[in-house]
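One structure is given below, encoded as structure tokens.
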Amino acid sequence: MTAETPTPSDFIRDIVAEDVRAGKYEQIRTRFPPEPNGYLHIGHAKSICLNFGIAREFGGICNIRMDDTNPTKEEAEYVESIMTDVRWLIDGWADKHVGGAPFYASDYFERFHECALDLVRAGKAYVDDMTPEETDAYRRQGKVSAYRDRSVEENLDLFARMKGGEFSDGARTLRAKIDMNAANVWMRDPVLYRIRHALHHRTGDKWCIYPMYDWAHTLSDYIEGITHSICTLEFEVHRPLYDWILDALELPEPRPHQYEFARLNLTYSVISKRKLIQLVNEKLVNGWDDPRMVTISGLRRRGVTPSALRTFAYNIGITKYPSMTDMALLEHTMRDEFNRAATRRLVVLRPIKVVLTNYPEGRTEELEAINNPENPNSGTRKIPFGRELYIERDDFMETPPPKFFRLRPGGEVRLKYAYIIKCDEVVKDVAGNVIELRCTVDLDSKSGGPTAGRKVKGTIHWVSAAHAIDAEVRLYDRLFTVPEPDAAGDFKSFINSNSLEVVTAKSEPALADACPEKRYQFERLGYFALDPDSRPEKQIWNRTVTLRDTWAKAQKT
RNA sequence: UGCCUCGUGGUGUAACGGUAGCACUAGAGACUCUGAAUCUCUCUGUCUAGGUUCGAAUCCUAGCGAGGCAGCCA
């Protein structure tokens, strides 16, 4: 579970490497700047792995910074969840490269304000009295505001009164004086400050003017000595403004530079805070950490490991092409890691009883089973065997299709680590449901024994009825029924109503001392992890991912 | 509509003017006391048209297509 990925290579790392080679900066410094207005998702994980990965690979540091410049949307609750998720993802990997306690854009409000005053004094910003609607319309038309040419003194006075709380929300703004005819609309005198009489989660009521993203973000990067400010594609058109701000304030080198990469898209899921929050608020899932969610907390609860997520981030790469990654790649990444690391156990999800008619009543055997065939050091364990067993309902068919290797009337199958059995009789209830199979066991076929050589085509898992432990198992499937739920129409109409199935399973006794840190393979079924709500007296398991199942796949077609 | 960016198999990526490679997926087979894993093999690709060059996925031009931006959100 700790196998690390090789060093990635992509166009951003190429730039960083070149800057390092050229000695452009003393130390590489990146940052991860979430807005605390929601939970982190797998797209953020991509960004975290990029920014912390670069810090790690180039001997630099990466700052965690809450981009908290909009008090009406942000909450302290989110800060906490963000920190939990980031630490979980980077601990033991890049935690040595964290630039200290989390930073907050709001800690720089004073400095942002001073810079704004500098800008006004330099004649590069002005207070505008237009309404939001007017500002909008003028910007579209490239029309100059009537307030654009106010004197520095008047601007200083009005800006001070904005800060002093004299005006209502939206009454005035501070705007950069750039170029109302610029082809890039973000250069058409963008708003730097707006009035918001709102309580901020950290600064309280100290401020009633709040900086806009471009102003705050650029200056935060500069203040923190960020060298490479890496963001997603939608900020590409903001880059000229980013550079303009640094120029306009005549800030000395070294300056940060912005680079953009494509955000992650994943099939059968939605990755946007807006949509994730809808799923939570409309109770279409059970909270932010619902294991079907692609939030980091959801993935964690489902049983995905930080290293698997990092490997996934490595596998998808970094480009500027807005691609659609196949969920199958995430699943493959998990299977690949868990196959090597997971402890094997026998668990029957949907039990059907088997009685071995020729096996002595009251007799119990201890059979030896391998804990992990991929890892010889993991040793063996004992599994109890008796006259009454449970097998998987799917492993018996009364009238099976061709090439069905499991149990059928009159047919034989091997019980893993035990004996070959033959199905003699099918017992049904009045409704015609199969409730019990009466079988005979070939006592010469005991696994590991001298006469175990006889081959049958199928091997199935089982547990001893007398020793089985009941456990709740939550079986998850993809949350959406279509590969691109937000391609057309309402994504919520594509929710998979069968994305969660809860069963009471029968598990072998050795699973009783399972621990939450470990991953388990329930043989022939999938990889499972203990849910945080699990208790020793009643285990709750989450299926992280199924095993590949070519048989099931073949049956569908 | 304007501006910006991006186009390599079904998907995700590599090739930095010199043999289009890797991974996932799909299919076929071998092996198998997990229909898993492992191991073979196979299918499928440089958006189009010009140009530069001994040689172009790569450089240039045009076209086509896709995405992003046009909040007092980030």
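Reminder, nothing fancy here: chain letters follow the sequence lines and each chain counts from 1.
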Inset, instruction - For A/Q521, answer base if it contacts any base atom (sugar-phosphate contacts may also be present), sugar-phosphate if it contacts only those atoms, and nothing otherwise; contact means non-hydrogen atoms under 4.0 Å. - result: base
Legend entry - Heavy-atom pair with the smallest gap, counting every atom of A/I316 and A/L329: CG2-CD2, 3.9 Å
Inset, instruction - Just call it for A/G453: base, sugar-phosphate, or nothing, with non-hydrogen atoms closer than 4.0 Å on any strand. - result: nothing
Legend entry - Which nucleotide in B/C72, B/U5, B/A74 has an atom nearest any side-chain atom of A/K320: B/U5
Inset, instruction - Could you tell me whether A/I316 contacts a base, only the sugar-phosphate backbone, or nothing, with contacts defined as non-hydrogen atoms closer than 4.0 Å? - result: sugar-phosphate
Legend entry - Sugar-phosphate only, base, or nothing, as touched by A/T319 at under 4.0 Å among non-hydrogen atoms: sugar-phosphate
Inset, instruction - Determine if the base of B/G7 is syn or anti; take syn to mean the glycosidic torsion is within 90° of 0. - result: anti
Inset, instruction - Please check the phosphate of B/G35 (OP1 and OP2 only) for any side-chain N or O of A/R548 closer than 4.0 Å. - result: no
Legend entry - Any A/R194 side-chain N or O less than 4.0 Å from OP1/OP2 of B/C73: yes
Inset, instruction - Determine the contact category for A/G317: base if any of its heavy atoms lies under 4.0 Å from a base atom, sugar-phosphate if only primed atoms, P, OP1 or OP2 are that close, otherwise nothing. - result: nothing
Legend entry - Within 6.0 angstrom of A/K124 NZ, more than 12 heavy atoms from elsewhere: yes
Inset, instruction - Answer yes or no: does a side-chain N or O of A/R196 lie under 4.0 Å from OP1 or OP2 of B/C73? - result: yes
Produce the list of close N/O pairs, under 3.5 Å, pairing protein atoms with atoms of nucleotides 22-24 of chain B; give distances to one decimal.
residue, atom, partner, partner atom, Å
B/C24, OP1, A/H332, NE2, 3.3

Legend entry - Minimum-distance nucleotide to A/M212 side chain [options: B/G12, B/A36, B/A74]: B/A74
Legend entry - Residue A/R13 excluded, over 12 heavy atoms near CZ under 6.0 Å: yes
Inset, instruction - Check each of A/Y104, A/W207, A/F109 against A/H200 using the ring-ring contact (aromatic ring centres under 6.0 Å, His included) test, and report the only one that passes. - result: A/F109
Legend entry - Nucleotide nearest A/N70 when distance is taken to its side chain, options B/G35, B/G12, B/A74: B/A74
Inset, instruction - Please determine if a side-chain N or O atom of A/K455 lies less than 4.0 Å away from the OP1 or OP2 oxygen of B/C33. - result: yes
Inset, instruction - Answer with base, sugar-phosphate or nothing: what part of the nucleic acid does A/D214 contact at a heavy-atom distance below 4.0 Å? - result: nothing
Legend entry - Nearest-neighbour nucleotide for the A/K457 side chain, B/A74, B/C72, B/U32 considered: B/U32
Legend entry - Phosphate-side-chain proximity, A/R140 and B/G71, N/O vs OP1/OP2 below 4.0 Å: yes
Legend entry - Residue A/T173, side-chain atoms from C-beta onward, closest of B/U34, B/U8, B/C72: B/C72
Kindly give the atom pairs (protein nitrogen or oxygen, nucleotide nitrogen or oxygen) under 3.5 Å for nucleotides 67-69 of chain B.
residue, atom, partner, partner atom, Å
B/C69, O2', A/W186, NE1, 2.5

Inset, instruction - Just call it for A/P34: base, sugar-phosphate, or nothing, with non-hydrogen atoms closer than 4.0 Å on any strand. - result: nothing
Legend entry - Under-4.0 Å side-chain N/O to phosphate OP1/OP2 contact, A/T550 with B/A36: yes
Legend entry - Phosphate contact (B/U5 OP1 or OP2) by A/R239 side-chain N/O below 4.0 Å: no
Inset, instruction - Have a look at A/R175 and say if it touches a base, only the backbone sugar-phosphate, or nothing, with a 4.0 Å heavy-atom cut-off. - result: nothing
Inset, instruction - Scan A/T135 against the nucleic acid and name what it touches under 4.0 Å (heavy atoms): base, sugar-phosphate only, or nothing. - result: base
